[in-house]
Amino acid sequence: MVVRTNVSGAERDAGLIFMKPGDLSAALAKLEAGFLKRERKTPGNPCGPEMLLNGRKLIAFASNDYLGLANDAALKNGATEAIEAWGVGAGASKLVSGRLGIFETLERTCAEFAQREAAVFFPSGFLANLGVLTALADRHDVIFADRINHASLIDGALLSRAQHVRYQHADIEDLASKLANTPVASGSTRLIVTDSVFSMDGDEAPLEALMALALQYDAWLIVDDAHGLGVLGPQGRGSIADAGLKPHPNLVMVGTLGKAAGVSGAFVAGSKDLVEWLIQRARSYIYTTGASPMIAGALLASFERILHGDELRSRLQNNIRTFRSGITALNLPYTLLPSRTGIQALIIGDNETTLHIASSLLDQGFWVPAIRPPTVPAGAARLRISLSAAHTPAHVQGLVNAIGLACA
Ligand SMILES: *Cc1c(COP(=O)(O)O)cnc(C)c1O
């Protein structure tokens with residue numbers, strides 16, 4: 001066997017080595033021995049607070065469906081109507097066979113939602129992040145990225161071949177010093193790239209300070225609002241609106257629509273020129289078949305529900321309050337990270353204990369994912385409790401009690 005050089009630190013620590021086809025079973029066994037092997041659950045019912053698993057009913061705290069829209073009647077109706085009007089397939093990529101009319105409506109709606117000049121729709125957030133970073137940066141440029149950005153932003157930066165400078169998590173002083181000390185060739189570009197709400201921690205980027213630095217250096221600021229959209233800001237318009245940032249040509253919003261919006265896909269919103277450039281140059285936009293019209297139909301209904309969703313958001317906030325005060329009262333030897341969003345992270349530490357607690361919760365009827373390396377750093381394995389407006393107060397209180405028992 002040969003040591004692979006492009007494995008993550010955690011995988012290397014676990015002694016994960018493989019190269020040839022015949023090495024895979026040994027590599028998988030190593031993952032299993034290190035409590036790092038992931039198993040896919042296969043629910044037998046739609047996404048929601050209750051999950052049917054092998055005939056058992058569990059209360060699930062695992063999805064990013066923060067507003068409970070994934071199985072919402074209005075969204076399903078929107079999808080059905082779009083199928084009737086537009087069919088189920090796009091035919092080819094947009095630059096080849098065209099962008100169906102319902103996607104023009106969707107992109108206009110996305111731009112209005114983000115309160116920006118224009119928006120372009122990608123089939124997923126992963127593709128949107130790859131597209132933005134590779135269209136705006138190349139090997140002459142420098143990307144300044146928060147250390148714990150989402151995997152798609154890391155991969156986009158790598159794919160762009162730009163210099164990738166990672167600053168300490170949410171640390172403005174570290175970013176400012178890296179901006180000041182990283183030489184950039186004349187005629188090249190700086191990009192500052194961040195999650196708005198960090199997907200495994202639930203804390204938030206200091207957007208106002210990041211924007212000030214972006215203006216100081218005439219850099220792009222790319223904000224991936226996967227977990228803020230629908231949840232934060234007036235009418236759920238997201239983290240940028242919540243921070244009160246004004247539209248600016250340097251400011252780019254990636255709005256992922258598979259989380260609170262309950263469907264799938266993502267938009268990139270910004271200036272007209274930015275969007276026009278992405279259509280010309282974002283390979284993950286150009287060389288992929290357009291999303292199904294049913295996605296657009298569901299999303300148009302979803303935007304309506306989000307914009308008029310203050311009641312959903314207040315239900316979510318109530319659940320967050322119930323959960324946080326309940327966990328605090330348990331006085332556990334574990335840290336509950338600060339978060340005002342649906343992402344609540346209880347840091348346990350080692351993989352084995354985290355899996356043990358998660359499996360005790362499962363025995364008690366609660367499905368909470370154990371998040372382990374390489375998704376989070378070694379030694380920071382955690383329960384990632386994902387709260388939704390669709391959970392009842394009794395679901396949340398039940399989970400708090402079960403965590404108390406599991407950790408006793
Ligand atoms: C989920 C997520 C993505 C990827 O979006 P998909 O639509 O699931 O591909 C990108 N960024 C962040 C921060 C995410 O949490």
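First listed ligand is number 1; within each ligand, the first listed atom is number 1. Start at 1 with the first residue, then count along the sequence.
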Query raised in the report: Are R382 and D201 within salt-bridge range, i.e. N to O under 4.0 Å?
Result: yes
Report task. Answer yes if the ring centres of H395 and F61 are under 6.0 angstrom apart, and no otherwise. Result -> no
Report task. Mind running side-chain hydrogen bond (donor to acceptor under 3.5 Å, both in side chains) on H356 and T353 for me, showing each step along the way? Result -> CA-CA 5 Å; H356 175 80; T353 313; over 6 Å; no
Report summary line: Under 4.0 Å from one or more heavy atoms of N129, ligand 1 contributes atoms 10 (C), 11 (N)
Query raised in the report: Under 4.0 Å from any heavy atom of D195, which atoms of ligand 1 are there?
Result: 13 (C)
Query - F267 ring center near F121 ring center (under 6.0 Å) - result: no
Query - Protein contact to atom 4 (C) of ligand 1 [nearest heavy atom, distance to 0.1 Å] - result: F126 N, 3.6 Å
Query raised in the report: For H227, is at least one N or O under 3.5 Å away from an N or O on ligand 1?
Result: yes
Query raised in the report: Going through the checks in order, is the side-chain hydrogen bond (donor to acceptor under 3.5 Å, both in side chains) test met by N250 and D218?
Result: CA-CA 7 Å; N250 294 23; D218 194 19; 2.9 Å; yes
Report summary line: atom 7 (O) of ligand 1: closest protein heavy atom, distance to 0.1 Å, is G125 N, 2.7 Å
Query raised in the report: Against heavy atoms of T256, which atoms of ligand 1 measure under 4.0 Å?
Result: 5 (O), 7 (O)
Query raised in the report: Are K178 and D171 within salt-bridge range, i.e. N to O under 4.0 Å?
Result: no
**Report entry** Part of N64 within contact of ligand 1 (heavy atoms, under 4.0 Å)
**Finding:** neither
Query raised in the report: Charged N to carboxylate O under 4.0 angstrom, K57 versus E50?
Result: yes
Query raised in the report: Can you tell which part of S124 has a heavy atom less than 4.0 Å from ligand 1: side chain, backbone, both or neither?
Result: both
Requested in this report: State the atoms of ligand 1, each with its element, that fall below the 4.0 Å cut-off from a heavy-atom position in S199.
Outcome: 15 (O)
Query raised in the report: What about H164 and F144, are their ring centers closer than 6.0 Å?
Result: no
Query raised in the report: So is D224 polar-close to ligand 1, meaning N/O to N/O under 3.5 Å?
Result: yes
Report task. State plainly whether the residues D146 and R166 are in salt-bridge range, i.e. N to O under 4.0 Å. Result -> no
**Report entry** Polar proximity ligand 1 side, G265 side, N/O cut 3.5 Å exclusive
**Finding:** no
**Report entry** Min N/O separation K259 to ligand 1 under 3.5 Å
**Finding:** yes
Query raised in the report: Does S152 come within less than 4.0 Å of ligand 1, judged by its heavy atoms?
Result: yes
